[in-house]
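To start, the structure itself, in structure tokens.
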Amino acid sequence: MSAPIPRLRFAPSPTGYLHVGGARTALFNWLYARKFGGQFLLRIEDTDRARSTEESTRAIFEGLEWLGLAWDEDVVYQGASFERHRADAQRLLDNGTAYRCFCTQAELAERRAEAEARNESFKYDRRCDRLSTDEVARRVADGMPFTIRFRIPEGTTSWIDLVHDEIEFPNKDIEDFIVLRTDGTPIYNLAVVSDDIAMRITLVMRGDDHISNTPKQIMLYRALGAELPTFAHLPMIHGLDGKKLSKRHGATAVSDYQHLGILPSAMVNFLALLGWSPGNDIEVMTQAQMIELFDTAGLQKKAAIFDPKKLEWMNGQHMSLIPSDELVARIVPAMEAAGLATAAELEARREWFVALLDLLKVRARTIDDVVRQAGPYFRGPIDYDPDAVAKQWKDRAGTAEILAAARDVLAQLASWEPAAMEQALRALAERMGFGDKAGRVFQPLRVALTGLAASPGIFDVLLLLGRSRALARIDDALGYLRAGTGSAAS
RNA sequence: GGCGGUAUCGUCUAGGGGACUAGGACACAGCCCUCUCAAGGCUGGAACACGGGUUCGAAUCCCGUUACCGCUACCA
């Protein structure tokens, strides 16, 4: 028999947003499916009606789409399969692997409390399993509510986990768990197994917080006469303090990073390296490379700590990797949101904008960084950064002299190109007695042009600004310096 | 408490008995480059949790201890 096509699924419950941990689980499932020619399915586990919301479901879709993790086939909603879940519970009852339990929640809670008081661990004592057939029939006839409990068989349950190798549980430590509630709705473990069987899932890859559910699920597969899938339990993601990642740690939703100006390709790359390694020193990868290199042998057993600093570095790497021309689409919305320019304006001078991105992205780690730096190239009036003024315009009269001279030199340039600018400005520095310290001209000029102490190379700035705007900025600076007051120019 | 899982630089990790003076990356520090800031290059500090075995030889295998995490619901 040839190897079947792998079928994997990501099965989040829609009770919030798409968490980075969930996103990484989805990513590994997706990578495996893509790598081995399988299917990646999406199942929304919405059986907890009280906590599930449509909004969360939408957030999951949007998060996965943004990351570029496309799923195959239609989305499966667990809540739509109540009938099958109920039927499967009935089958367990019929084939004798489960029994009716008439104990009420209140009774159970009381017994649990008593056991706790005696410092003992509570485990259901199977009393309802000892009821006679007649007694059970009588109670059912009386309309007494009951749950359906799975009877844990003797022995041990083990499996070969793709990341942990063999894991074994003595069955005696597992209690007869409920599979169907009094109201006829299924409990998680039954719903999952029933759905995974129905979806013909061959590899269950999920968080390792499910390890202790696995023996129960394996027993259900067997009781239902279904073939077992392979299991792979991925480590968790923790916050910088080593605790499970939560809202306390700041951004935990995939959408948070989207809004922070992180590129999806960087997010995916970073997440992939949290709990997986290609086995060599490769770090920055495209999605195609990740698929190429993915292998469960590289999966980590240990929980990883989410380090936002490395994510930012990774984002910088991806910004360099992606041609500016392709970056435009991702940056334009942020430019609009910042009120710097409209999409139409940017489209009208796309070439210029791409050239600007080339210069800005190298000194930015996020899209937001780019937007922050872009201000001077769009706004009419610029603000002078106080620190920049304090440092580079300390001597107002002297600075004005330098800027005036620089203005003259630039205004007389035959052509507005970097080589000419450099030659002229360096010659000016020489004439003014600065020797080869041309920075004494460049620095004050940079502040006049951008208002900032840091920017791309001065000739690039001059070029991007254009002759008339550059000269106007110098004039404004001269006005500011000579007036001795004021804070802004145009 | 019970059961399960995990344990290499601050962080992500390579390593699967000798190639380890434990490699790479982020972060940090210094230097180089340089008109500033980045980027880039170079250099540096920084780790095998502890204790027993097994072995000629353990980061690597086994056992125990410790620490951390997870599960322990008519939640998922």
Side-chain angles (χ1 to χ4, degrees), chain A residues 11-15 45-48 50-52 78 101 103-105 108-109 112 115-116 119-123 145-149 161 164 167-170 172-175 177-183 185-189 191-192 207-215 233 235-236 238 240 242-244 270 273-284 297-298 300-307 309-314 316 320 359-365 369 373 388 391-392 422 425-426 429 437-443 445-447 450 452-459 461:
Chain A
S13 48
T15 53
E45 309 218 318
D46 53 355
T47 49
D48 185 346
R51 289 196 296 158
S52 300
Q78 190 161 63
C101 174
C103 300
T104 65
Q105 283 188 73
L108 259 11
R112 213 186 312 272
E116 208 161 310
N119 225 321
E120 288 168 18
S121 62
F122 176 78
K123 199 174 125 200
F146 60 86
T147 59
I148 295 181
R149 269 189 200 271
D161 195 278
H164 295 274
I167 299 183
E168 188 178 80
F169 281 81
K172 66 172 174 52
D173 293 327
I174 305 170
E175 76 168 352
F177 58 98
I178 292 171
V179 292
L180 204 71
R181 297 187 184 90
T182 317
D183 65 1
T185 58
I187 285 297
Y188 174 73
N189 282 309
V192 166
D208 65 14
D209 47 340
H210 285 289
I211 286 181
S212 33
N213 281 323
T214 307
H233 288 94
M236 306 269 86
H238 290 165
L240 251 12
K243 297 266 159 51
K244 194 173 167 181
F270 174 71
L273 258 20
L274 239 42
W276 174 71
S277 160
N280 49 34
D281 294 335
I282 298 177
E283 301 243 23
V284 180
Q300 190 77 12
K301 297 183 178 76
K302 188 181 68 163
I305 290 175
F306 190 97
D307 181 4
K309 276 276 205 300
K310 188 152 184 177
L311 205 211
E312 287 195 358
W313 167 78
M314 183 65 81
S320 306
L359 297 178
L360 299 186
K361 73 177 189 179
V362 65
R363 59 209 90 218
R365 297 204 135 187
D369 283 345
Q373 290 181 49
K391 191 166 181 212
Q392 305 299 347
E422 177 155 17
L425 256 16
R426 283 194 191 278
K437 297 266 190 287
R440 291 182 61 180
V441 172
F442 299 161
Q443 291 298 72
L445 183 56
R446 183 187 321 281
V447 180
T450 66
L452 306 170
S455 82
I458 199 73
F459 314 117
V461 172

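What you are looking at is a predicted structure, and each value in this text was computed from that prediction instead of being measured. Lettering of chains follows the sequences in order, A, B, ..., and the numbering in each one begins at 1.
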| message | Strictly below 4.0 Å: does A:Arg112 bring a side-chain N or O up to OP1 or OP2 of B:rA73? | response | yes
| said: Heavy atoms from C-beta onward define the side chain here; which of B:rC26, B:rA76, B:rC3 lies closest to that of A:Tyr188? | reply: B:rA76
| Are any non-hydrogen side-chain atoms of A:Arg363 and A:Gln373 less than 4.5 angstrom apart? | yes
| task | For the residue pair A:Phe177 and A:Thr147, establish whether any side-chain heavy-atom pair is separated by less than 4.5 Å. | result | no
| query | With rounding to whole Å, what would you report as the distance between B:rG16 and B:rA7 at their P atoms? | reply | 16 Å
| field | Pair partner, B:rG44 [Watson-Crick or wobble, under 3.5 Å] | value | B:rC28
| In the structure shown, which nucleotide is the Watson-Crick or G-U wobble counterpart of B:rU34, with both distances under 3.5 Å? | none
| A:Leu311 has an atom CG; how far is it from atom P of B:rA27, in whole Å? | 12 Å
| query | Is there a Watson-Crick or G-U wobble partner for B:rG17 with both distances under 3.5 Å, and if so, which one is it? | reply | none
| Earlier contact from the 5' end, RNA chain B, for A:Asp173 and A:Thr182 | A:Asp173
| note | Using Watson-Crick geometry (N1-N3 plus N6-O4 or O6-N4) or G-U wobble (N1-O2, O6-N3), each under 3.5 Å, B:rG1 is paired with B:rU72
| query | Taking the C1' atom of each, how far is B:rG41 from B:rG4, in whole Å? | reply | 48 Å
| said: Measuring only the C1' atom in each nucleotide, how far is B:rU6 from B:rA27? A whole number of Å is fine. | reply: 25 Å
| B:rA76, B:rG1, B:rG5: which one has an atom nearest the side-chain heavy atoms of A:Ile211? | B:rG5
| query | With a 4.0 Å cut-off on heavy atoms, is A:Arg365 in touch with a base, just the backbone sugar-phosphate, or nothing at all? | reply | sugar-phosphate
| note | Rounded to the nearest 0.5 angstrom, the CZ-CZ distance for A:Phe306 and A:Phe270 is 4.5 Å
| Distance in angstrom units between A:Asp369 CG and B:rA39 P, rounded | 11 Å
| request: Nearest whole angstrom, please: distance from the C1' of B:rG2 to the CG of A:Asn119. | output: 11 Å
| query | From the list B:rG70, B:rG1, B:rC26, which nucleotide is the closest neighbour of the side chain of A:Ser212? | reply | B:rG70
| request: Taking atom C1' in both B:rU60 and B:rA14, compute the distance separating them and give it to the nearest angstrom. | output: 13 Å
| How many Å lie between CG on A:Asn189 and C1' on B:rA76, as a whole number? | 9 Å
| A:Lys437 side chain near A:Phe442 side chain, heavy-atom distance below 4.5 Å | no
| query | Can you tell if the side chain of A:Phe122 reaches within under 4.5 Å of the side chain of A:Glu116, non-hydrogen atoms only? | reply | no
| task | To the nearest 0.5 Å, tell me how far A:Glu283 CD sits from A:Leu273 CG. | result | 5.5 Å
| request: Working to the nearest 0.5 Å, report the span between CD1 of A:Ile187 and CD1 of A:Ile178. | output: 6.5 Å
| Nearest-angstrom distance, C1' atom, B:rA46 to B:rA25 | 14 Å
| query | To the nearest Å, how far apart are A:Glu175 CD and B:rC71 C1'? | reply | 12 Å
| message | By the 4.0 Å heavy-atom rule, please label A:Gly279 as base, sugar-phosphate, or nothing. | response | sugar-phosphate
| With A:Ile211, which residues qualify under side-chain contact (heavy atoms from CB on, under 4.5 Å), at least two apart? | A:Trp159, A:His164, A:Ile167, A:Phe169, A:Asp208, A:His233
| query | B:rC26 and B:rC42: how far apart are their P atoms, nearest whole angstrom? | reply | 11 Å
Contacts under 3.5 Å, N or O only, protein and nucleotides 6-13 of chain B:
from	atom 1	to	atom 2	distance (Å)
B:rU6	OP1	A:His164	ND1	3.1
B:rU8	OP2	A:Lys302	NZ	2.9
B:rC12	OP1	A:Ile305	N	3.1
B:rC12	O2'	A:Leu273	O	2.9
B:rU13	OP1	A:Gly275	N	2.6

| Under 3.5 Å, is there a donor-acceptor pair between the A:Thr185 and A:Arg181 side chains? | yes
| query | Which base sits across from B:rU65 as a Watson-Crick or G-U pair, both distances under 3.5 Å? | reply | B:rA49
| query | Start at the 5' end of RNA chain B and walk down; is the nucleotide closest to A:Ser320 or to A:Pro186 reached first? | reply | A:Ser320
| request: Determine which nucleotide pairs with B:rG57, using a 3.5 Å limit on both distances of a Watson-Crick or G-U wobble pair. | output: none
| said: Can you measure A:Arg51 atom CZ to B:rC75 atom C1' for me and round it to whole angstrom units? | reply: 5 Å
| remark: Mate of B:rA22 across any strand shown (Watson-Crick or G-U wobble, both atom pairs under 3.5 Å) is none
| request: Taking the side chain as every heavy atom from C-beta outward, state whether A:Asn213 and A:Val192 have any atom pair closer than 4.5 Å. | output: no
| message | Please report the distance, rounded to the nearest Å, between NE2 in A:His210 and P in B:rA76. | response | 11 Å
| query | What does B:rC9 pair with, Watson-Crick or G-U, if both distances are under 3.5 Å? | reply | none
| field | Whole-Å C1' distance, B:rA59 and B:rU21 | value | 15 Å
| request: Check every strand shown and say whether A:Thr15 touches a base, only sugar-phosphate, or nothing at a heavy-atom separation below 4.0 Å. | output: nothing
| query | Mind checking the P distance from B:rC3 to B:rC61? Whole angstroms is fine. | reply | 24 Å
Shorter than 3.5 Å, N or O on both sides, protein versus nucleotides 31-36 of chain B: list them out with atom names.
from	atom 1	to	atom 2	distance (Å)
B:rC35	OP1	A:Arg426	NH2	2.8
B:rC35	O2'	A:Gln443	OE1	3.2
B:rC35	O2	A:Arg446	NH2	2.2
B:rC35	N3	A:Ile458	N	3.1
B:rU36	O4'	A:Gln443	OE1	3.2
B:rU36	O4'	A:Gln443	NE2	2.9
B:rU36	O2'	A:Ala453	O	3.0
B:rU36	N1	A:Arg446	NH2	3.4
B:rU36	O2	A:Ser455	N	2.8
B:rU36	O2	A:Ser455	O	3.1
B:rU36	N3	A:Arg446	NH1	3.4
B:rU36	N3	A:Ser455	O	2.6
B:rU36	O4	A:Gly457	N	3.3

| task | Among B:rA76, B:rA27, B:rG23, find the nucleotide with the atom closest to the side chain of A:Trp313. | result | B:rA27
| message | Tell me the interatomic distance from A:Leu180, atom CG, to B:rC74, atom P, rounded to whole angstroms. | response | 13 Å
| said: Does A:Glu120 have more than 12 heavy atoms from other residues, nucleotides or ligands lying within 6.0 Å of its CD? | reply: yes
| query | Between A:Gln300 and A:Ser277, is any pair of side-chain heavy atoms under 4.5 Å apart? | reply | no
